[in-house]
Amino acid sequence: MKLNQSLEKNVAVMKNLVCGEDVIYFEFSIKNTLATIIYVDSLADKVLIGKQVITPLSLYDKEISAKEVLKNLTFPEGEILPTFEKCAQKIVNGDAVLLINGLNKAISIASKKPATRTVAEPPTSSILKGPREGFVESIQTNLNLIRQRLRSPDLCFDKFTVGKYSQTTVGLVYISSIANAKIVETLKSKIKNVSIDGVIDSSYIIKMISTKKTSLFKQVGTTEKPDILAAKLLEGRIGIIVDGSPIILTVPFLFVEDFQSSEDYYVNSYRANLSRIIRLGAVLFAIYLPAFFVAAQLFHLQLIPLNFLLTIVGSIKGIPLSPSVEMFFTLFIFETLNEASIRMPRYVGIAMSVVGALVLGETAVNAGIVSTPTIMIVALSGICIYTVPDMTETLSVLRLLFLVIGGSFGGYGIILASVALLTYLSAFDSFSVPYLSPYSPLILNDLQDGFTIDFLANIKKRPLSFRSPNKTRKGDL
Amino acid sequence: MNKITTRHLCIIIIVGFTLGKLYVLPALLAGMVGENMWLATIINLIVDLLLLLVVSYILSHTNKNISELLTYAFGETGGKIVCFLYALFFIGKAFIPIFEQKNTIELTFYETQPTLFTFMPFFIVAFYVAIKGLKPFARSMEFCLWIFIFGLSVTTILSLSAGKFSNLLPLFSKSPKQLFNASFNSLLWYGDPVFLLYFIGHLSLHKKTTKHLMLSFIIYGVTTLIIFIVFYAVFDSIAERQYYAILKMSKYSITLSNIGRYDYIAALLLSAINVYQTSLPLLLGTIALNDCFSFKNKFTSPLIIFTIMITLTLITQNHFFPSIAFTQKYLVYFFIVMTYVLPLVIFLLLIRRKNLWFLKEQKS
């Protein structure tokens, strides 16, 4: 609906469109003409509006037209709005809208005051060496952090508004000369087609753009650190920034990514390789150890070395539960403790650890409900799962699944489940990039930064799996 | 990147072809020609090498899939009939590896609980592999290569300590006739290059495809021969009773008595690859049946193939060796026709009709 020339009528319509006690309608006069500035008290910067809009306009003495008024404002982001709907949209976004009597157009002023916390080290990506900055909830601050690291004119930022009611700003960030244009276009169309009431966090976008929406496996990468995002953009990936979320998404996503920590690039290569191999081994341990332990006890006793077998026999004597039920019971307790420790207040956490680890564990063994090797295996598996924090959700489900299969069908069942899993992952593509690359299909160049890492000086090309138009990362040193 | 490449085919040859020979075949050959089993194997390998040459020639000269090639060579109806025959052939081709695997699992891994129940999930997984198609299969095989190298190395190295290579002497104790008979009787385990025909049309090949395929075949041949030689060196005259060779070979290594049967881990890993190797003919059977009837639902063809296969497994579950004897007596010629004759006929027909240019043109 178009604006009228009458200020009174315009204000009346706006009052119907934008409701709320915190919406301020401030009246003042410009060269003896009445004007009203409308803004949301909790979103807009009142001081700025007062100093840079109301004060200069009170002294305004030129012709009153939307263009002229806009020119005389010292705000870089101003816009002339013809309709009530656009005005309402700007107001709820945090901007101020200026209505002047006799003008059938409004002027929007970008006076949004984002409520944001200071840049700090993210709790999920603590490192010993390397930058400690983390993203925050404000998209502007996040963009600033990225641009500080990538001062290139090729760094592009495309903005979209997603969510019928939330009207959340979602941004695509990529380096135009490196990112694959087809993937950028696919992503743009996916984001444009998102139809949802509100985007509360970036995780909503993950669910919307994922190809296999019911998959257990991650299809979109996440990071809270600008240095990681910058490195990923330089490899040819595309970042997705969601206003209100400190977690930035990256696509395409490869399975191997979660095994790579930003610290690997800052420390000695030998240490980085050792860390990555430990992570891989730990993940395999976390999934397979409980399942194989149960399968070995039930079906393949010959797999267990004799001395260890004697220890197990000694410890399980008198245990009333079968190996699989015993393992289930212990895992259930572990998962419950884990769930409780995340949800409960921090000050109770220490007491919880004492109760969980010492009282429950010790008592359960002494009471003869569970055996010591089972406790040890669950604890080991539990520790191993956290070596790759981004995979914990997937791994904990897989661990249970493999345990059920191992307890029911033994080692061969575990093997079959692994084959099915491998086939599933092999058939998986993330934005046309094979999920298991660079291992399947084997891309020799990309092996430089896979489950192991080459010396940084030797990595001369970007990952070929992303089909970047600019393959060379650097020349000879 | 998103197509099946020469590398995938090479891995299938090295991993899949080799593993299929390492279970029952060594014991059967040892029973027929004793210490000269490796000579009989060489005869089979040479025949298969020639077949691979024919197949790789067809592979590198057309981008038509096998169904289109068969229609082109035998006409619409003839092509469909041949497709159907190939579906039956692949069911037959899957029979031996499935039983080898089933018996291996039941007799080796589940000594205390020999039950079909432990093996039946195989069909669920194989069905899943079949509906996923050729690309995921080929990609998975890339991972299998590393597992295969690890598993086979552990088994072979552990077996070496128990091997006595003088058991293989004298080198030429059996007559050529005995050797050819042994080769003929083990034909059911060979002819694997015919599988590659079903990859035509899904491939992204390069100029050196034939060379690479030949090199892979040589690696497969040499690996198979080494395993057979080590096997006979370990077991000598009792080799003919050592079915499931790959699992038995390392059993007597002295290192195992101290630290537990960790060779089982290698065996379990090899059985994982064996699942793929066994699923391949079922996957190809699914494609062949679909080529014949053009089902609209992607599950129809695998459902038919797997129903037949499971029924066959249940009926013959306690009659593996009589079933092999029956096949060797009555069905071997069908196998020969489908494995060796038909690819040759396709190849010759294409040349005789002087239509090979057509295929080349299509490719360009």
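It should be emphasised that the depicted structure is a prediction, and the values quoted were computed from it without experimental measurement. Each chain gets a letter, A, B and so on, in the order its sequence line appears, and its residues count up from 1.
Between A:Phe292 and B:Leu268 the shortest side-chain heavy-atom distance falls below 4.5 Å.
A pairwise comparison of heavy atoms in B:Pro136 and A:Ser426 identifies O-CB, 3.6 Å as the closest pair.
With a 4.5 angstrom heavy-atom cutoff, B:Phe137 does not touch chain A via any of its atoms. Both the backbone and the side chain of B:Val129 come within less than 4.5 Å of a heavy atom of chain A.
Counted within 6.0 Å of CZ on A:Phe285, heavy atoms from surrounding residues, nucleotides or ligands total 12 or fewer; the atom is thus considered open. Within a 6.0 Å sphere centred on NZ of A:Lys317, heavy atoms belonging to other residues, nucleotides or ligands number 12 at most. Sparse packing is recorded around NZ of B:Lys211, with 12 or fewer heavy atoms of other residues, nucleotides or ligands lying under 6.0 Å away. Within a 6.0 Å sphere centred on NZ of A:Lys212, other residues, nucleotides and ligands contribute more than 12 heavy atoms.
Shown here are the salt bridge (charged side-chain N to carboxylate O under 4.0 Å, His left out) partners of A:Lys232, two or more places apart in sequence or in another chain: A:Glu257. For B:Ala138, the side chain to side chain contact (heavy atoms under 4.5 Å, CB included) partners at least two apart in sequence or on another chain are B:Ile4, B:His8. With sequence neighbours left out, the salt bridge (charged side-chain N to carboxylate O under 4.0 Å, His left out) criterion links B:Arg7 to B:Glu142.
At distances below 3.5 Å, not a single donor-acceptor pair connects side-chain atoms of B:Arg139 with backbone N or O atoms of A:Pro441.
Contacts between residues 403-421 of chain A and chain B, defined by a heavy-atom separation under 4.5 Å, are made by A:Ser408, A:Phe409, A:Gly410, A:Gly411, A:Tyr412, A:Gly413, A:Ile415, A:Leu416, A:Val419, A:Ala420.
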Next item on the list: Check step by step if side chain to side chain contact (heavy atoms under 4.5 Å, CB included) holds for B:Met141 and A:Leu422.
Entry: CA-CA 10 Å; B:Met141 288 303 278; A:Leu422 180 61; over 6 Å; no
